[in-house]
Structure formats: structure tokens, C-alpha cells
Amino acid sequence: MKIISYNLNGIRSAISKGLLTWLEQESPDVFCVQETKAQADQIDTLAFAELGYHTYAHSAEKKGYSGVAIFSKREPDRVVAGMGVPVFDAEGRVLRADFADLTVVCVYVPSGTTGDIRQAFKMQFLDAFLNYLNNLRQTRENIIVCGDYNICHKPIDINHPERQVGVSGFLPEEREWLDQLEASGMIDSFRLFDTSPERYSWWSYRFRARERNAGWRIDYHWVSQPLRSRIMGADILTDAQHSDHCPVMVEIKE
């Protein structure tokens with residue numbers, strides 16, 4: 001199973017930049033997207049259906065904001081929107097799909113860059129999300145949790161880490177949360193195959209950051225330990241140009 005995760009920074013904008021042509025060429029079995037910035041009825045499901053995909057969306061109540069979606073070639077056995085926590089579910093940040101013994105969770109973690117209130121909200125979300133995952137793994141041990149986490153885990157995952165002290169997305173408490181996730185038995189699939197520096201998945205649109213590779217690796221596929229032997233590959237697809245993020249890919253043996 002080939003799974004691609006991509007923060008689109010607006011699905012309608014990404015489609016106008018050739019997303020569907022790219023998707024047809026890459027042909028993942030499951031395509032998880034974050035920041036759709038669209039209500040369910042604003043997503044061109046027919047265009048995705050023509051490529052062989054079923055569409056499942058969890059939109060934010062606020063129009064033009066946040067939102068996640070899963071497009072799959074195979075119809076899932078079960079789809080669940082949200083974590084069951086209304087304050088977070090109102091922002092359309094978590095979507096789950098079950099395929100036989102595999103569970104794919106698509107997540108868009110809040111950003112804390114706009115100030116203390118949203119940073120506190122982000123940390124509350126992270127606590128609730130870890131609890132959600134721990135509970136889910138009691139019955140679904142084979143999970144892939146993909147998406148935009150808005151956190152760089154290690155200094156290797158961010159440009160000039162010495163300059164990022166005190167910056168949301170690289171705060172000690174955020175990085176410690178990823179340590180907890182890892183300690184719980186989740187694997188950063190990309191780092192199984194690539195331990196090199198300066199492999200990033202997001203660059204600010206400002207100051208020609210992408211051209212200078214002044215990026216952050218904040219998009220992940222975290223895979224549960226029971227699936228370790230079934231991880232066939234993982235990568236960042238840096239050639240895609242539909243967003244300020246890059247897609248990230250993992251392949252799981254079914």
C-alpha cells in the first residue's frame with residue numbers, strides 16, 4: 001500500500017496548479033491531505049472519482065480554514081471523523097480510515113505561531129491526540145499516522161536550529177511530545193531510510209526559502225511498531241510544487 005500525505009494549503013488552489021495530473025502519475029493507494037480549506041461540497045469529488053478515488057472529508061466549521069481529507073482507491077471498511085472532542089473536531093483536524101488490519105489516521109496539528117492562545121491550544125490538542133492514539137491502538141495495533149504535525153523533532157529536521165530557539169514548532173515541549181509518541185512505540189518511517197540533514201518538507205513562501213532550502217521537516221508518517229517489518233520505503237517528494245509543503249510517502253506491505 002502506497003500512502004502519500006500532503007498539506008495542500010488549499011485543495012482548490014492545488015488543483016489549479018496541476019495536482020490531479022500529478023496524483024494520476026503518482027497513483028497512491030491512499031492520499032491523505034491536510035489544510036483543504038474547503039467544505040465537503042467544495043471538493044471536486046467527481047474529478048477524484050475519475051482517477052479511481054473514493055473521497056472522505058472532515059472540514060472545519062469555519063469556512064476556508066483547516067480541514068483534512070482521505071482519498072482511497074479501495075473503499076475503507078470504516079471511516080471516523082474527529083477524536084470525539086468537540087473543541088478540536090470543530091476545526092476538522094483528524095480523520096481515520098480502516099483497511100482490513102491497517103488503520104490510516106490523517107492529522108493536521110494546529111500551529112502555535114500566532115501567539116500564546118493558539119500555542120496553548122496546540123499543546124492541548126497534542127495531549128488529546130496522544131490519548132486518542134493510545135486508546136485506538138488498544139484495538140487497532142497496525143496504524144499509520146500521517147500528516148502535518150507542525151513540529152520539527154530533532155535539530156537535523158530544521159534549518160539553522162540554533163536560530164530557532166523559542167520558536168513555535170521547535171519548542172522543547174513540542175519536541176518532547178514527539179519523544180513521547182516515539183517512546184509509545186511509533187516509528188518515524190522516513191528516518192528508517194534517510195538520516196541525512198537538510199531534508200525538509202516545508203518552506204516559508206517568504207524570502208525565497210525553498211530556493212535556499214531554509215526549510216522544516218514537519219510532515220510525517222509515524223508507523224506503529226508491529227508494522228516495522230512491513231515498511232518498504234519512505235521519502236519526501238520534493239519535486240511537487242502545488243503548495244508550500246512537499247508530499248511525503250510511505251509504502252507498507254499488505
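We use all heavy atoms of the structure for the numbers below, so side chains are in, but hydrogens, waters and symmetry mates are not. Source: prediction; values computed, not measured.
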Subject >> Salt-bridge present (E254, R230; N to O < 4.0 Å) >> reply: no
**OP:** Flag the pair D148 and R93 as a salt bridge only when some basic side-chain nitrogen lies within less than 4.0 angstrom of an acidic carboxylate oxygen.
**Re:** no
Subject >> Single hit among D98, T139, D77 for side chain to side chain donor-acceptor pair (under 3.5 Å) with T103 >> reply: D98
**OP:** Scan H242, H245, K37 and name whichever one has a side chain to side chain donor-acceptor pair (under 3.5 Å) with N9.
**Re:** K37
Subject >> Plane angle bin for Y149 and W177 - parallel if under 30°, tilted between 30 and 60°, otherwise perpendicular >> reply: tilted
Subject >> Whether W222 and Y220 hold their rings parallel, tilted or perpendicular, with breakpoints at 30° and 60° >> reply: tilted
**OP:** For the pair L102 and I252, evaluate side-chain contact (heavy atoms from CB on, under 4.5 Å) and give the outcome as yes or no after the intermediate values.
**Re:** CA-CA 9 Å; L102 295 176; I252 304 290; 4.3 Å; yes
**OP:** Have a look at F190 and tell me which of T195, D219, I236, D157 forms a side-chain contact (heavy atoms from CB on, under 4.5 Å) with it.
**Re:** I236
**OP:** Using the rule that two of Ile, Leu, Val, Met, Phe, Trp, Tyr join whenever any of their side-chain heavy atoms come within less than 4.5 Å, decide whether F48 and I4 are in one cluster.
**Re:** yes
**OP:** Check L51 against K73 and note the closest heavy-atom contact, atom names and distance.
**Re:** O-CE, 4.5 Å
Subject >> Rounded distance (nearest 0.5 Å) linking atom CG of L19 with atom CG of D44 >> reply: 11.0 Å
Subject >> Trace of the side-chain contact (heavy atoms from CB on, under 4.5 Å) decision for D194 with R199 >> reply: CA-CA 9 Å; D194 193 327; R199 293 296 312 277; 2.6 Å; yes
**OP:** For the pair R118 (side chain) and G112 (backbone), establish whether a donor and an acceptor sit closer than 3.5 Å, ignoring hydrogens and angles.
**Re:** no
**OP:** Look only at the side chain of R228 and the backbone of M186, and say whether a donor-acceptor pair between them is shorter than 3.5 Å.
**Re:** no
